[in-house]
Number of protein chains: 2
Amino acid sequence: MSNTNPDDKQLAEMFKALGNPHRLLIFQRLSNCCLPGTRCDLEQTMRFSVGQLGKGMEIAPSTLSHHLKELHRSGLIEMSRQGKRVDCWIDPAVLNRLAGFFYNPIENRLRGDRDVG
Amino acid sequence: MSNTNPDDKQLAEMFKALGNPHRLLIFQRLSNCCLPGTRCDLEQTMRFSVGQLGKGMEIAPSTLSHHLKELHRSGLIEMSRQGKRVDCWIDPAVLNRLAGFFYNPIENRLRGDRDVG
DNA sequence: ATTAGTATTCGACATATTTCGAAATATAGA
DNA sequence: TCTATATTTCGAAATATGTCGAATACTAAT
């Protein structure tokens, strides 16, 4: 795309990654920082090993690995080996960036939150 | 996907639609409700005709039409014929739903906005 | 060193997506 | 009705994606 800057290109990559139901499910598991009714620990990011993330998803390990690689390549998740396992988590800044992309000043001003600059 | 509810399925459809750079650009054009430094009109949703949306994008009209259909099918945009033209716009509720998906209670509590239920 | 557990790479196949041009459809106006 | 403008549908081709099984790599413990 000639008229697509690098920033938008990465954004499209992220959305493409989330466009697959398996990958969306993985992302949701990682972004649920706390259970309903509980508090989140400020110092703690939700981490799951590759194996844990695959629990309940009926896909082959190789397929799971492929999806995690896509999520990582797009910039949605972080990964690092911890002994035998590989842990995955989401950098909170990613959530903020994506939420900000959809932020709607019209609707939110209706709620009386703040003004538009 | 057996373990994917209808809601998540539609969410994945939306992200898949945004995963294409051309479609992301169209969506961005429609979601920019006002120019930098200006105010948005509360009563007005940003509308563009199919032809206007294609301006500057080097794709065939048939391709543009295809992408708009995808955006519409996923639930991201609305379309309605207005004479010779077909107008497109985004329902603000869609923006809120998507922003909410990425909403991060941890980061936002750091900003002192509010507490977690 | 061997083994067991965990995860990735590779090669292959089926299916989906992107894209176009040509033809068709819809609408407003002469 | 005929024409010009705007958009969609259709069919085809090239490319990308999702999936698996088999083989490979990494790590910890025996």
Side-chain angles (χ1 to χ4, degrees), chain A residues 1-4 8-30 47-89, chain B residues 1-4 8-30 47-89:
Chain A
M1 264 58 311
S2 51
N3 47 6
T4 307
D8 291 340
K9 201 165 266 174
Q10 202 205 3
L11 215 44
E13 294 282 322
M14 286 179 168
F15 290 135
K16 184 160 71 176
L18 292 176
N20 175 281
H22 285 144
R23 290 194 293 257
L24 183 60
L25 182 55
I26 293 169
F27 186 83
Q28 284 176 301
R29 287 187 178 175
L30 288 175
R47 289 180 185 228
F48 283 115
S49 72
V50 170
Q52 285 176 307
L53 285 171
K55 270 288 181 64
M57 306 182 59
E58 290 165 8
I59 57 176
S62 56
T63 304
L64 176 60
S65 188
H66 163 71
H67 284 319
L68 288 170
K69 193 158 82 175
E70 287 297 301
L71 286 167
H72 179 62
R73 288 202 324 162
S74 75
L76 284 171
I77 71 170
E78 307 294 318
M79 304 177 79
S80 108
R81 184 171 277 277
Q82 224 64 35
K84 264 189 280 198
R85 329 221 158 149
V86 170
D87 277 356
C88 310
W89 71 97
Chain B
M1 263 56 314
S2 50
N3 46 7
T4 306
D8 291 340
K9 201 166 265 176
Q10 202 204 3
L11 215 45
E13 293 282 322
M14 287 179 168
F15 290 135
K16 183 161 72 175
L18 292 176
N20 175 283
H22 285 144
R23 290 193 295 257
L24 182 60
L25 182 55
I26 293 168
F27 186 83
Q28 283 176 302
R29 287 187 178 175
L30 288 175
R47 289 179 186 229
F48 283 116
S49 72
V50 170
Q52 284 177 308
L53 286 171
K55 271 287 182 64
M57 306 182 58
E58 290 164 8
I59 56 176
S62 56
T63 305
L64 176 61
S65 186
H66 163 72
H67 284 319
L68 288 170
K69 193 159 84 175
E70 287 298 299
L71 286 167
H72 179 63
R73 287 201 325 161
S74 75
L76 283 171
I77 71 170
E78 307 294 319
M79 304 176 79
S80 106
R81 184 172 278 277
Q82 224 66 35
K84 265 191 279 199
R85 329 222 157 142
V86 171
D87 278 356
C88 310
W89 71 96

A:Ile26 CD1 to D:dG18 P, in whole Å, measures 11 Å

Write down the distance between CE (A:Met57) and C1' (D:dC20), rounded to a whole number of angstrom.
15 Å

From NE2 of B:His67 over to P of D:dT7, roughly how many Å is that when rounded to an integer?
16 Å

Could you tell me how far apart B:Asp87 (CG) and C:dA26 (P) are, to the nearest whole angstrom?
18 Å

Which residues in residues 77-86 of chain B have a heavy atom closer than 4.0 Å to any atom of DNA chain D?
B:Met79, B:Lys84, B:Arg85, B:Val86

Return yes if some donor-acceptor pair links the side-chain N/O of A:Arg29 with the main-chain N/O of A:Leu53 below 3.5 Å, else return no.
yes

Please tabulate, one pair per line, each protein N/O and nucleotide N/O from nucleotides 9-17 of chain D that are separated by under 3.5 Å, including the distance.
residue	atom	partner	partner atom	Å
D:dT17	OP1	A:Lys16	NZ	2.9

Taking all non-hydrogen atoms of both residues, which atom of A:Gly54 and which atom of A:Leu64 are closest, and how far apart?
CA-CD2, 3.6 Å

Heavy atoms under 4.0 Å, any strand shown: does B:Ile59 hit a base, just sugar-phosphate, or nothing?
sugar-phosphate

Test of understanding: with side-chain contact (heavy atoms from CB on, under 4.5 Å), list the residues that count as partners of B:Arg81, not counting sequence neighbours.
B:Val86

Would you call B:Cys88 and B:Leu30 a side-chain contact if the rule is heavy atoms closer than 4.5 Å?
yes

Among residues at least two apart in sequence or on other chains, which ones pass ring pair (Phe, Tyr, Trp, His ring centres under 6.0 Å) with A:Phe27?
none

Enter the inter-axis angle for the ends of the helix from C:dA1-D:dT30 to C:dA30-D:dT1 (five pairs per end, rounded to 10°).
20°

Taking atom P of C:dA7 as reference, at what distance in whole Å does atom CG of A:Leu68 sit?
9 Å

In chain order, what residues pass the side-chain contact (heavy atoms from CB on, under 4.5 Å) check against B:Ser74, with sequence neighbours excluded?
B:Glu13, B:Met14, B:Ala17, B:Leu76

